[in-house]
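Notes follow the structure.
Here, residue 1 is the first one in the sequence, and each next residue gets the next number. Below, all heavy atoms of this structure are taken into account, side chains as well, without hydrogens, waters or symmetry copies.
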Amino acid sequence: MEFEKRKAATLSIFGSSESDKSPKGSIDAPIIPLLDAINAHPSYYTTSSCSGRISILSQPKPSAATTAKKKAGGGSWLFITHESADQATVISLLFPPEPMPNPPPSPYELVLRFEPLIIAVECKDVDSAQFLVSLAISCGFRESGITSASKKRVIVGIRCSIRMEVPLGDSDNVLVSRNYVKFLIGVANQKMEANWKRTQGFLAALKENGFMGGNVEAENGELGLVEDKQDGASDDVERISSDSRTGVPDHNLKVTQFPIVGESMEKLFLWGHTSCTLANLVPSSVLVFGGFGGKGRHARRNDSLLLDPSSGALTTLDFGFGPSPRLGHTASVVGELVFIVGGRTDPLNILNEVWVLDMPGKQWRLIECSGSSSFPPRHRHAAAVVGSNIYVFGGLNNDLILSSLHVFNTTNLQWEEVVANGDQPCPRHSHSMVAHASNLFMFGGHNGDQALGDLYSLDINTYTWRKEKTSGKSPSARFSHSMFVYKRFIGIIGGCPVNQHFQDLALLDLETHAWTHVRLDCIGKELLVRSTSSIVEDQLFMIGGGAACYAFGTKFSEPLKIDLLPLLEKKLESANSNDVDCQRPWVLQLEKENAKQGKDILKRFGWLDIRRKVYSLDDGLHICFPITEEFSAIFSDGDRSQLNEVSCSAAFSLLKEFGGSKVEDKVIEVRRVAKSPLQVMKEAVAGLIEEKSLSQELLDELPIRWERLGDIVVLPVTSFKDPAWDSIGHELWPIIATSLSARRLARQGRVASTGTRDSTLELLVGHNGWVDHRENGITYSFDATKCMFSWGNLSEKLRMGGMNCENEVVVDLFAGIGYFVLPFLLRAKAKQVYACEWNPNAIEALKRNLELNSVSNRCVVLEGDNRLTAPKEVADRVCLGLIPTSEGSWLTAINALKREGGVLHVHGNVKDSEEAAWTQHVVTSLENMARSEGRVWEVVAEHVERVKWYAPHIRHVVVDVRCRPIPG
C-alpha cells in the first residue's frame with residue numbers, strides 16, 4: 001500500500017495549481033499526454049520529467065577554488081524553449097544591438113545545449129520496471145534503465161543520448177559568428193524533432209500495450225497488456241471480429257531444443273542473419289549466412305553454415321572468396337542457387353549488391369546487375385520468391401525508411417522497380433514477407449515511430465496491394481519477427497516488443513482467412529528477436545535471435561524445433577471444442593505390435609481425433625485410437641473412391657492389413673483445452689483462500705512471471721509478501737508447485753552483500769537446493785540456496801572459452817562454482833587451471849562440476865583467500881573475474897604470472913565516461929606493481945570487452961592486459 005500512497009500524494013501535487021519545484025514551475029505541456037498514460041497505469045507514476053529543451057545557459061566561470069557545475073553560483077538561462085528554437089530570437093539575445101544595462105562584475109560562460117526527454121518513474125515492482133525499460137529501449141530511449149531498486153522503491157529513468165553541448169564564449173565576447181549560431185540552432189531543432197518522434201513513438205507503444213486507462217492482465221506467465229478500446233488498435237488491419245485483443249492461445253505445440261554436432265553450437269548464436277531451406281539437398285538442410293554474434297568475440301559474420309536438421313550436424317562451407325561480413329540482408333532460394341541481397345557491413349556501409357551461392361558448383365559470385373532502375377542500398381528489408389523472380393520491399397538506408405517494391409529477375413539478372421496499385425503500405429523496415437501461390441503476404445515492421453500490425457497482400461499478376469480483412473484475434477503489432485508458410489497456414493512468431501508474444505505463434509488459415517493463436521510449450525528463455533524460421537518437411541526450425549539486453553549482457557537463443565504436424569490433424573477452429581460429436585464416437589482398435597505404425601498413419605492423414613484420448617484395453621494386447629467421423633464412415637463402407645490420393649488408399653489398406661477394427665469408444669474422455677499455468681494457479685489459490693475465509697484481493701499479489709533453475713521454479717522476491725499468506729503457507733506452496741508443474745519451488749532473495757556473495761534463495765517446496773544447469777555444453781551443478789549463478793556473463797564465458805589455451809596454465813583467482821574455470825578447461829583446452837575460491841559452498845559445487853565435466857584431473861582447487869593461496873610464477877594467463885573491482889588481488893595476479901609474463905583478464909565496473917581513464921589506471925598500476933616485485937615488464941592493454949550494462953552509465957568491462965619483459 002505504500003506505493004499507492006506515494007502515487008496518490010505525487011499525483012495530487014501534479015493536479016495542483018501551485019508551482020512545482022522545477023525552475024519552470026510546471027510540467028512541460030508537450031508531454032502531458034505521455035505522463036497521463038504512465039500515471040493512469042496502476043503499476044507506475046512519474047516523479048519528475050522534462051520533454052526536452054534547447055537552452056543557452058549563462059553560468060559563472062569556474063575558479064580554482066570552486067568546482068564547475070551546470071548551474072554554479074547564480075547561473076541562469078539566457079534562453080530556453082521546449083519546442084523548436086527561433087533563430088532570430090537567439091541571435092538577438094547573443095548579439096544585442098545595445099550593451100546590457102547592468103552587466104555582471106565578471107563575464108559569464110555561455111553554453112548552447114540540447115537535452116532530450118527524461119522521465120523518472122517509480123514502479124510497483126521490479127517486473128513492472130523491467131517491462132517499462134524494455135519498452136522504452138525498443139522505442140529508441142536506449143539509455144533507459146533501473147536507476148534504483150531498493151526494498152522500498154524501484155525507480156526507472158527513461159532517456160536517450162541525442163544530446164548537444166557547445167560553448168559559445170562568454171557574456172563579454174561571443175566567439176562564434178551569427179551564421180554559425182544559425183547552423184547550431186538548425187542542428188538543435190533537428191535533434192528536437194527526433195526527440196519528439198521518439199516521444200510520440202513511446203506514447204503509441206504505451207497505448208498499444210494497454211496504458212491510457214487500459215487494464216493489465218497476467219496471461220501465460222507473462223505480462224499481457226490489453227489495448228485500450230477508446231484509442232483503437234495500434235495496427236491497421238481491418239477486422240471482421242470485434243475482439244482485437246490477443247487472448248489465450250487456442251492450441252499447444254511442443255517446442256524442443258535439438259543438439260548440434262560437428263561445429264560448435266555457438267556459431268549459431270546470431271541475430272540479423274538469414275536461413276533458408278535447401279530442399280534439393282539430400283537430406284534437406286538449412287543454410288545459415290551472416291549475422292551478428294558467432295563463436296568467440298561477437299562481430300558481424302560472413303560464415304556459410306549448413307545444418308542438417310535430421311542429425312543436428314553443423315558444418316562450415318568454405319567456398320573461397322564470398323560476401324563481406326554483414327547483417328540485415330535477405331537470402332532467397334531459386335532452384336539450386338541462393339541469392340543474398342543488400343545488408344549492412346557497418347553503420348556507414350549499407351549495401352545494394354547481389355551475391356549468388358552456387359551450391360552444386362561450390363562457389364560464390366558477385367552479380368553485375370542491370371535494369372531500367374537502380375536498386376538503392378538497404379538493410380532490414382524483406383524479400384520473397386515467386387518463380388524465378390525475387391520481390392523486395394521496404395528497408396532502411398541510413399535514416400531513410402523505404403516503401404519501394406523492386407523485382408529482381410534471376411534469369412536475366414535485371415532489377416525493375418514496380419509501381420503497384422491498390423492499398424499502399426506505408427514505408428517500413430524490420431518487417432516480414434512470404435509468398436504463397438501468386439500472392440505475397442507482408443506483416444508488421446516499424447515505420448520509424450511505432451511498431452506495425454498490418455497485413456497486406458500483393459497479387460503479382462496485377463501488381464495490386466490489398467489490406468487484408470481477417471477474422472479472429474489479429475497478432476500484436478511487432479517488428480524484427482519471423483514469418484513462414486506451412487501448408488495452408490501463414491505463421492508469425494517472435495519479434496519486438498518481447499513480452500506480448502514471447503510464447504505465442506499466430507497462424508492465419510488461408511482457406512478461412514481466420515487468425516488462430518498457438519501456445520508454444522517449453523520455449524524457456526529464448527529471445528526470438530531477429531531470429532529466422534525455416535520449414536523442413538513438417539518441422540519448423542528457429543535459428544538464432546537475441547539482443548543486447550540492458551544489465552544482462554548479450555543474449556542469444558539456442559536452435560529450436562517445433563513440430564507443426566498437429567496443425568493438420570484437425571482444423572484449429574474445432575480444436576477448442578469441448579463437445580463430443582453427437583454422432584456415436586468410434587475408435588480404431590489395433591494390436592499393440594502394430595499400434596505405432598497405425599498411429600503414424602492416422603496422424604499423417606488427419607484421421608486421428610485429437611480431442612479424445614488414446615487408451616489400452618484391459619487385455620494389454622490392443623490399443624484404441626479415436627478416429628474422425630469422416631474416416632469412420634469410409635472405414636465402415638470400404639468405399640475408397642472417397643480417398644483423394646493414391647497414398648491415402650495405400651495407407652487405408654495398411655490399416656486393414658494391421659487387423660484394424662472399428663469399435664465403439666468405451667472410454668469417452670475429451671481432451672481439454674490447455675490452461676496457462678497462471679490460470680491454473682489462480683483457480684487453485686482462489687479455492688484455498690475462499691476455504692480459509694481470506695480476502696480475494698490477495699489474488700492480485702500472485703506473481704505473473706517466474707524463473708526456472710534446473711527443476712526449481714523460482715518466484716520473484718516481491719511475491720506473496722502479505723502476512724496473510726504465512727498463515728496458509730504449508731498448504732499454499734504445494735498448490736503453487738503443482739500448478740507450475742514444479743518438483744521444487746523457491747522464492748528469490750537478493751545476493752548477500754558478504755565477501756562470499758552467498759545466495760539467499762528460500763526453498764518453499766523440496767528438501768535441497770542442488771540443481772543442474774547446462775549452458776553451452778557445460779554442466780554447472782550448485783546449491784541455489786547457497787550459491788549465486790551469474791546469468792549476465794554468458795558472452796564473457798563464451799569469449800574465454802574461445803581463447804586458444806592449449807599448453808597454457810591458467811590461474812582463476814575468483815573461481816566461484818567454475819564460471820570461467822570450466823570454459824577454460826572444456827572449450828579453450830587449457831593444460832591446467834588453478835582455481836582459487838574462499839566460499840565453502842562454491843568450493844563444494846566447483847569440485848562437483850569438475851567431476852561432472854570430467855576435467856578434475858586438470859584442475860587444482862585452492863581453498864581460502866587467493867592473496868595467501870594463489871601459486872606463484874606458474875601462469876600464462878590469470879582471470880580476475882570479480883566486480884565491482886578485483887584491485888585487491890592485482891599484485892597476486894602479477895606474482896602468479898611466469899617470469900616471462902602473460903595475459904591478465906581484469907574485470908571491473910566502470911562509468912562509461914571513465915572507461916579510458918580506468919583502462920590506463922589498470923595498466924599503470926600493474927606496471928608499477930610488477931616493478932615493485934622486480935619485474936621490468938612492458939604492460940599493454942590489448943583489448944577492452946564490454947560485457948554488459950551493470951547500472952545506468954556503469955558498465956561491466958574486462959581489459960585484456962599483456963605483460964612481457966623489456967629486453968636489456
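Contact check on Asp303 versus Lys295 returns no salt bridge, with no Lys/Arg side-chain nitrogen under 4.0 Å from an Asp/Glu carboxylate oxygen. Under 4.0 Å is where a charged nitrogen must lie from a carboxylate oxygen, and between Arg6 and Glu122 at least one such pair does. A salt bridge is absent between Lys948 and Glu796: the closest approach of a Lys/Arg side-chain nitrogen to an acidic carboxylate oxygen does not fall below 4.0 angstrom. A salt bridge links Glu143 with Arg163; the closest basic N to acidic carboxylate O contact falls under 4.0 Å. Using a cutoff of 4.0 Å between basic side-chain nitrogens and carboxylate oxygens, Arg428 and Asp454 are scored as salt-bridged.
Other residues, nucleotides and ligands contribute only 12 or fewer heavy atoms inside 6.0 Å of the CZ atom of Phe183. Summarising the local packing, NZ of Lys197 is surrounded by 12 or fewer heavy atoms from other residues, nucleotides or ligands at distances under 6.0 Å. The 12-atom threshold is not exceeded at CD of Glu83, counting heavy atoms of other residues, nucleotides or ligands nearer than 6.0 Å.
Considering every non-hydrogen atom in both Ile350 and Pro377, the closest pair reads O-CB, 3.4 Å. Between His907 and Ser886, the shortest heavy-atom distance links the atoms O-OG, 3.4 Å. Summarising the geometry of Phe393 relative to Pro425, their closest heavy-atom pair is CZ-CB, 4.0 Å, with the distance given to 0.1 Å. Residues Cys50 and Ile31 approach most closely at C-CD1, 4.0 Å, considering heavy atoms. Contact record, Glu353 with Ser324: OE2-OG, 4.5 Å, taken as the closest heavy-atom pair. The minimum heavy-atom distance between Leu327 and Gly291, with the atom names listed, is CB-CA, 3.9 Å.
Looking at Asn398, its side chain never comes within 3.5 Å of a backbone N or O of Leu400 through a donor-acceptor pair. The backbone N or O of Ser51 sits less than 3.5 Å from a side-chain atom of Asn195, completing a donor-acceptor pair. Although no hydrogens or angles enter the test, the distance criterion places a donor-acceptor pair under 3.5 Å between the side chain of Tyr44 and the main chain of Ser128. No donor-acceptor pair under 3.5 Å is formed between the side chain of Arg946 and the backbone N or O of Val957. At least one donor-acceptor pair closer than 3.5 Å links the side chain of His82 to the backbone N or O of Gly52. Arg478 places a side-chain N or O within donor-acceptor distance of the main-chain N or O of Gly494, the cut-off being under 3.5 Å. A donor-acceptor contact shorter than 3.5 Å is absent between the side chain of Ser925 and the backbone of Val922. Ser134 places no side-chain N or O within donor-acceptor distance of the main-chain N or O of Phe131, the cut-off being under 3.5 Å. The main-chain N or O of Ala85 is found under 3.5 Å from a side-chain atom of Asn189 such that the two form a donor-acceptor pair. At distances below 3.5 Å, at least one donor-acceptor pair connects side-chain atoms of Gln87 with backbone N or O atoms of Lys182.
Asn909 and His956 share no side-chain donor-acceptor pair at under 3.5 Å. Residues Thr46 and Asn39 bring a donor and an acceptor atom of their side chains to less than 3.5 Å of each other. With no hydrogens or angles considered, a side-chain donor-acceptor pair links Gln920 and Thr924 at under 3.5 Å.
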Trace of the salt bridge (charged side-chain N to carboxylate O under 4.0 Å, His left out) decision for Asp346 with Arg326
CA-CA 8 Å; Asp346 59 62; Arg326 66 192 61 201; over 6 Å; no
Step-by-step side-chain hydrogen bond (donor to acceptor under 3.5 Å, both in side chains) determination, Glu887 to His921
CA-CA 11 Å; Glu887 192 164 355; His921 167 69; 3.2 Å; yes
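Looking at heavy atoms from C-beta onward, His381 lies in side-chain contact with Thr330 at the 4.5 angstrom threshold. Proximity of Leu904 to Val959: side-chain heavy atoms (C-beta onward) are nowhere separated by under 4.5 Å. For the pair Phe443 and Phe479, the minimum side-chain heavy-atom distance is 4.5 Å or more. Side-chain atoms of Val958 and Val906, non-hydrogen and from C-beta on, never get closer than 4.5 Å to each other. Counting only heavy atoms from C-beta outward, the side chains of Gln130 and Ile146 approach each other to under 4.5 Å. You'll find the side chain of Ile162 reaches within 4.5 Å of the side chain of Phe114, heavy atoms only. Contact annotation: the side chain of Leu78 never approaches that of Leu57 to less than 4.5 Å [non-hydrogen atoms, C-beta and beyond]. For the pair Thr199 and Phe202, the minimum side-chain heavy-atom distance is 4.5 Å or more.
We find the CG-CG distance between Leu110 and Leu93 to be 10.5 Å, quoted to the nearest 0.5 Å. Summarising the geometry, atom OG belonging to Ser55 is positioned 7.0 Å from atom CG belonging to Leu112; distances are rounded to the nearest 0.5 Å. Atom NE2 of His379 sits about 11.0 Å away from atom CG of Asn349, to the nearest 0.5 Å. Taken from CD1 in Ile80 to CD1 in Ile54, the straight-line distance is 10.0 Å, to the nearest 0.5 Å.
In this structure His329 satisfies the ring-ring contact (aromatic ring centres under 6.0 Å, His included) test together with Phe289, sequence neighbours excluded.
When the options His273, Arg530, His298 are evaluated for a side chain to side chain contact (heavy atoms under 4.5 Å, CB included) with Phe292, the one that passes is His298. Each of Ser432, Ser476, Ser531, Ser430 was compared with His481 under the side-chain hydrogen bond (donor to acceptor under 3.5 Å, both in side chains) criterion, and only Ser432 meets it.
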